[in-house]
Amino acid sequence: MELFLDTANLDEIREALSLGVISGVTTNPTLIAKERVDYKERILKICELVSPGPVSVEVLSQDAEGMYKEAMEYASWAPNVVIKVPVVKEGLKALKLMHAAKIKTNVTLVFSLNQALLAAISGATYASPFVGRLDDVGHDGMELISQIVAVYGLHDFPTKVIAASIRHPLHVVQAASVGAHIATIPFSVLEGMLKHPLTDIGVKRFLDDWQKVKELLEKK
Ligand code: G3P
């Protein structure tokens with residue numbers, strides 16, 4: 001299983017990369033808007049930092065032709081760009097063109113098994129079911145991840161499942177347990193995965209005990 005970082009914030013990306021556990025980044029228009037920076041400039045910087053790891057960049061057009069045009073442009077920015085396409089009619093039309101042009105794709109806003117099937121049949125490189133947003137409306141987001149992983153496996157689809165809209169460390173544990181290939185996580189969730197009070201207490205106790213012995217030895 002791999003972890004991607006779901007952010008457009010450079011400090012978070014640098015910090016997460018320095019830990020050596022992040023192999024890609026996913027962005028969306030909301031995440032980039034939060035940064036109040038130029039779209040292209042920020043994507044170029046992220047691609048440089050994350051290279052050769054994949055960086056998902058979402059199209060903003062509403063029609064297939066526009067989406068494809070955007071995809072061609074974004075794909076020319078860096079070799080590790082992956083085009084994020086919403087699973088709507090125009091998105092499927094655009095995916096067909098991107099697949100033919102050998103552009104890597106991440107089908108986003110997946111909320112059902114049927115949508116995930118359409119993504120795989122369209123030749124998507126990745127499909128991103130939104131776990132947290134399904135949980136928000138009273139559906140079991142992780143159950144959907146589990147179904148998609150099983151069905152993709154049953155039919156040998158090479159499309160990788162990215163568990164997205166991850167809200168807390170338990171989502172990561174569950175995504176790993178049901179076989180998601182990737183979880184894309186906010187920086188706060190990455191920090192949460194690492195945190196355990198017993199680890200902090202243990203580190204402090206080891207240091208305190210060693211310090212006591214050191215002082216005794218120095219007195220001798
Ligand atoms: O990866 C998708 C993610 O950015 C959406 O997360 O928390 O807005 O549902 P959220």
Side-chain angles (χ1 to χ4, degrees), residues 1-13 15-17 21-37 39 42-43 45-47 49-50 53-60 67 70-71 74 80-88 91 95 104-113 115-116 118-120 124-149 152 159-176 178-193:
M1 188 191 182
E2 290 179 76
L3 290 176
F4 289 177
L5 203 64
D6 195 31
T7 186
N9 183 278
L10 297 181
D11 291 336
E12 290 182 353
I13 292 171
E15 175 85 12
L17 287 173
V21 291
I22 294 295
S23 50
V25 163
T26 52
T27 68
N28 62 38
T30 306
L31 291 171
I32 299 183
K34 245 201 242 169
E35 300 295 312
R36 308 215 167 280
V37 287
Y39 205 75
R42 180 50 54 102
I43 293 299
K45 190 68 203 165
I46 296 174
C47 286
L49 290 173
V50 180
V55 176
S56 291
V57 184
E58 192 151 345
V59 292
L60 299 163
M67 288 177 187
E70 270 186 71
Y74 301 161
N80 50 337
V81 163
V82 172
I83 306 299
K84 230 175 165 185
V85 186
V87 63
V88 293
L95 275 169
K104 289 198 172 144
T105 51
N106 175 358
V107 174
T108 189
L109 291 165
V110 170
F111 292 99
S112 74
L113 183 53
Q115 291 177 325
L118 292 171
T125 317
Y126 305 98
S128 292
F130 277 33
V131 175
R133 290 193 196 179
L134 274 173
D135 290 355
D136 287 346
V137 293
H139 289 270
D140 186 344
M142 210 47 75
E143 179 56 28
L144 177 63
I145 299 283
S146 173
Q147 285 175 355
I148 297 171
V149 168
Y152 279 8
T159 305
K160 289 189 172 169
V161 178
I162 304 182
S165 183
I166 293 286
R167 301 281 173 75
H168 46 71
L170 183 58
H171 271 157
V172 184
V173 168
Q174 291 168 330
V178 300
H181 305 97
I182 298 145
T184 188
I185 59 175
F187 187 75
S188 59
V189 173
L190 176 61
E191 287 186 311
M193 287 172 71

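Numbers here are sequence positions counted from 1. Basis for what follows: all heavy atoms, side chains included, without hydrogens, waters or symmetry-related copies. Start at 1 and go down the list; that is how both ligands and their atoms are numbered. Predicted, not measured: the structure shown is a model, and the values here were computed from it.
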Determine whether Val81 and Lys104 make a side-chain contact, defined as any pair of heavy atoms from C-beta on separated by less than 4.5 Å.
no

Please write down residue, atom name and distance for the protein heavy atom closest to [atom].
| atom | result |
| --- | --- |
| atom 6 (O) of ligand 1 | Ser165 CA, 3.5 Å |
| atom 3 (C) of ligand 1 | Asp6 OD2, 3.0 Å |
| atom 7 (O) of ligand 1 | Arg167 NE, 2.9 Å |

At under 4.0 Å between heavy atoms, which part of Thr108 makes contact with ligand 1: side chain, backbone, both or neither?
neither

What atoms of ligand 1 come closer than 4.0 angstrom to any heavy atom of [X]?
| X | answer |
| --- | --- |
| Arg133 | 5 (C), 8 (O), 9 (O), 10 (P) |
| Ala164 | 1 (O), 2 (C) |
| Phe130 | 2 (C), 5 (C) |

Do the side chain of [X] and the main chain of [Y] share a donor and acceptor less than 3.5 angstrom apart?
| X | Y | value |
| --- | --- | --- |
| Lys84 | Thr27 | yes |
| His168 | His171 | yes |
| Arg42 | Ala8 | yes |

Quick check on side chain to side chain donor-acceptor pair (under 3.5 Å): which of Asn106, Thr26, Asn28, Thr108 does Ser128 satisfy it with?
Asn106

Decide whether an N or O pair under 3.5 Å exists between Thr184 and ligand 1.
no

Fit a plane to each ring of Phe4 and Tyr126, take the angle between them on a 0 to 90° scale, and name the class: parallel (under 30°), tilted (30 to 60°) or perpendicular (over 60°).
perpendicular

